[in-house]
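First up is the structure itself, then whatever we jot down about it.
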2 protein chains.
Amino acid sequence: MTIPRVTIKDVAARAGVSKGAVSLAFNRKPGLSEATRDRIFRAARELGWAPSLTARTLAGSRVDVVGLAICRPARQIGLEPFYMEFVSGVESVLTEHSCSLLLRLVRSLEEEVGLQESWWRGRQIGGSLLVDFRVDDPRVAAVERLGMPVVAVGHPSLTGGLTSVWTEDATAVTEAVRYLAALGHRRIARVGGAAALGHTSMRTAAFDEAARSLELAGAWQVATDYSGEAGARATRSLLTTAPPDRPTAIVYDNDIMAVAGLSVAAEMGLSVPDDVSLLAWDDSQLCRITHPPLSAMSHDVHGFGADAARTLFGLITGEGPGSHPVPTPVLTPRGSTAPPRM
Amino acid sequence: MTIPRVTIKDVAARAGVSKGAVSLAFNRKPGLSEATRDRIFRAARELGWAPSLTARTLAGSRVDVVGLAICRPARQIGLEPFYMEFVSGVESVLTEHSCSLLLRLVRSLEEEVGLQESWWRGRQIGGSLLVDFRVDDPRVAAVERLGMPVVAVGHPSLTGGLTSVWTEDATAVTEAVRYLAALGHRRIARVGGAAALGHTSMRTAAFDEAARSLELAGAWQVATDYSGEAGARATRSLLTTAPPDRPTAIVYDNDIMAVAGLSVAAEMGLSVPDDVSLLAWDDSQLCRITHPPLSAMSHDVHGFGADAARTLFGLITGEGPGSHPVPTPVLTPRGSTAPPRM
DNA sequence: AATAGGGACTTTACCGGTTAAGAAAGCGCT
DNA sequence: AGCGCTTTCTTAACCGGTAAAGTCCCTATT
């Protein structure tokens, strides 16, 4: 605050050159002798100077910040291991490019649209990562109107032509259902995420399709808000049906609901996996610490985030890959899935 | 990128005034007639203009960004509900001041020191929130040298004179142990967090002191890395002792380890709370979805974050409260604690 | 000897705002 | 009418960098 900060001018004065020369040195551009360059760097080191990103940004070069707005209720976000892992993957790539992440939790998509717009308009960010696509997502049009570089984390069918990175959820759901069917399950339920989310509806459709093609005797789906409580509620209602018609296997859309489901089964005196098999999604550490450990559709969320960030850089610099899928979640059997008892 | 952005000049031209006038209008400073002000706002709205924070920052006013670096292994952070909740609390206050959060996950304290320094030097941030203090934390000196406004989230005994916000962990630990002792427990264990962290060592000391003053028959403490796996390991080793000497109650330093502990008990055929009582810390949603639900030392982490952010604003603007504690975690009994069976 | 070419810097004009100082117009007052 | 005082705006200098254009000097070429 009160302390005068060191600027390029001080460095220039100390090195006995113009500030243009300092700029050249720090951007590794040609046109300076070794000796001068050294003198400049020494002066900068002695003064503890680093170029101001603010000024650099203003001067027209690129912006070293990317934005990420996450739209979920605050209380819930804390529990979703997915995001922090995703963010840490994003960070790991940004750091390599000495770029920072501007993170904001928003309450609605409209708020996000406004935020992205003001970030971009105010030159706060050089591009953005968009997550949690809805069907007919308003962000697609908004972002195109702005001409802002964006990587959409979501299936191309949802992201309307934006450069996208996604997991093939339909394939994964199909694999999950096939696996349970192969174990002998004929009555399978799915506890899905928020119905408004695009990937939820894709998973729902894929589940329906799989149930149909496998001619399951029973198939249920229930939409939740991803919270543990909702997962518990859904599980409770699914398992209160009398035994012959009760589902013998449940697939969850995230980890936390699967953990809640496990507790509900215990509370109802049902044994997992003997009475009911449970299959989680995302596979954070949480799945490995329950008893029994949860089988899960497992994928590398950290790597997913890293890939998204890399793709954004590719987009900004004009090279690198365009839209592409990341590895599909694979089934990782643990102790919570087995053939049905009856 | 290619699209020319709207600047203050365009707005000024459209409103038929100088850019100085536009600046005055947007900063709600006196010296403009109502009519002109309206005209300017209308022009800005029509053009979709918002002032560039970058330029605004450069022009000498304050910086509308605060920094937060979190130092924990990436894979683990995802699971710690504490941080996301804390962050969301911070955000909620920042948003009111239309201020953003610059978040970075770092791998070491040295990295954090470097990061904070370059953020500050590069005028990227107007201040910072520091978390996870160690004993003799190097950040204290670094930050003082820079003269950067900072709010330390940690006990004053650790934060060396920086403006601090903290929970009275020692009091909470004492309450936890007293409660268990009151239930009749005489052999109590604590599964703590990373030993290097200051609050861990404070809790450890408080636990020792409580055990001594209550003359417990047995008191164990084990340090972990906060991960579920470590919590499971610790619990397993604590519970393998033969019954008469086995601890009958365990306090955990976070939620996730308590959940892991619960699973270990189940896996070992021990009943919670009959054979062993478990007490979690922080009390995220996770505690309510297990079976039995976990008793916990509960506090408002979201509010904690909000308070820290408010304090930082107070520090920057020169008003508001200085160092102060936030409410001490309170015991919230649920199903995982009861009098010991034997 | 005159000229071209190129290396090593410096100058200067921005980037998009803020802000202190200056100027024009309107008003009340003697 | 002349004076000072506001109110309302404009001007111009900055903030700390970048980058294009300009300057200077030294060497090689014809």
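To find a chain, count down the sequence lines: A is the first, B the second, and so on, and within it residues start at 1. All values derive from a computational prediction rather than experimental measurement.
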Exercise for review: Give me the bend of the helix from dA1(C)-dT30(D) to dT30(C)-dA1(D), using the axes of the five pairs at each end, rounded to 10°.
Suggested key: 70°
Exercise for review: Figure out the CG/P separation between L53(A) and dG17(D), and round it to whole Å.
Suggested key: 10 Å
Point to revise | Test item: side-chain donor near acceptor, T54(B) and T57(A), under 3.5 Å | key: no
Study note, to complete from the structure: Sorted by chain and number, sequence neighbours left out, side chain to side chain contact (heavy atoms under 4.5 Å, CB included) with S23(A) holds for I8(A), N27(A)
Review point. Between dG16(D) atom C1' and I8(A) atom CD1, what is the distance in whole Å?
Key: 7 Å
Exercise for review: Provide, to the nearest angstrom, the distance between the CG atom belonging to L58(A) and the C1' atom belonging to dC14(C).
Suggested key: 9 Å
Check your understanding: Less than 6.0 Å separating the ring centroids of F26(B) and W49(B)?
Key -> yes
Exercise for review: Could you state the atom-to-atom distance from CZ of R121(B) to C1' of dG17(D) in whole Å?
Suggested key: 17 Å
Study note, to complete from the structure: Rounded to whole Å, the CG-C1' distance (D38(B) to dT8(D)) equals 15 Å
Contacts under 3.5 Å, N or O only, protein and nucleotides 5-10 of chain C:
unit_1: dC9(C); atom_1: OP1; unit_2: S33(A); atom_2: OG; d: 3.4
unit_1: dC9(C); atom_1: OP1; unit_2: T36(A); atom_2: OG1; d: 2.7
unit_1: dC9(C); atom_1: OP2; unit_2: S33(A); atom_2: N; d: 2.6
unit_1: dC9(C); atom_1: OP2; unit_2: S33(A); atom_2: OG; d: 2.9
unit_1: dC9(C); atom_1: OP2; unit_2: T36(A); atom_2: OG1; d: 2.9
unit_1: dT10(C); atom_1: OP2; unit_2: S18(A); atom_2: N; d: 2.9
unit_1: dT10(C); atom_1: OP2; unit_2: S18(A); atom_2: OG; d: 2.9

Practice item. Would you please name every residue forming a side chain to side chain contact (heavy atoms under 4.5 Å, CB included) with R310(A), sequence neighbours left out? Key: V93(A), A306(A)
Point to revise | Any S23(A) side-chain nitrogen or oxygen under 4.0 Å from OP1 or OP2 of dG17(D) | key: no
Practice item. Please state how far atom CZ in R56(A) lies from atom C1' in dC14(C), giving the value in whole angstrom units. Key: 17 Å
Exercise for review: Apply side chain to side chain contact (heavy atoms under 4.5 Å, CB included) to T167(B) and list each qualifying residue two or more places apart in sequence or on a separate chain.
Suggested key: D169(B), H299(B), F304(B), V326(B), P329(B)
Review point. Taking C-beta and beyond as the side chain, do L146(B) and R121(B) meet within less than 4.5 Å on heavy atoms?
Key: yes
Review point. For K29(A) and K9(A), take the nucleotide of DNA chain D holding the closest heavy atom to each; which residue's nucleotide lies nearer the 5' end?
Key: K9(A)
Check your understanding: Excluding sequence neighbours, so at least two apart, what forms side chain to side chain contact (heavy atoms under 4.5 Å, CB included) with T311(A)?
Key -> V151(A), T163(A), V165(A), D307(A), H324(A)
Practice item. Provide, to the nearest angstrom, the distance between the CG atom belonging to N27(B) and the C1' atom belonging to dT19(C). Key: 10 Å
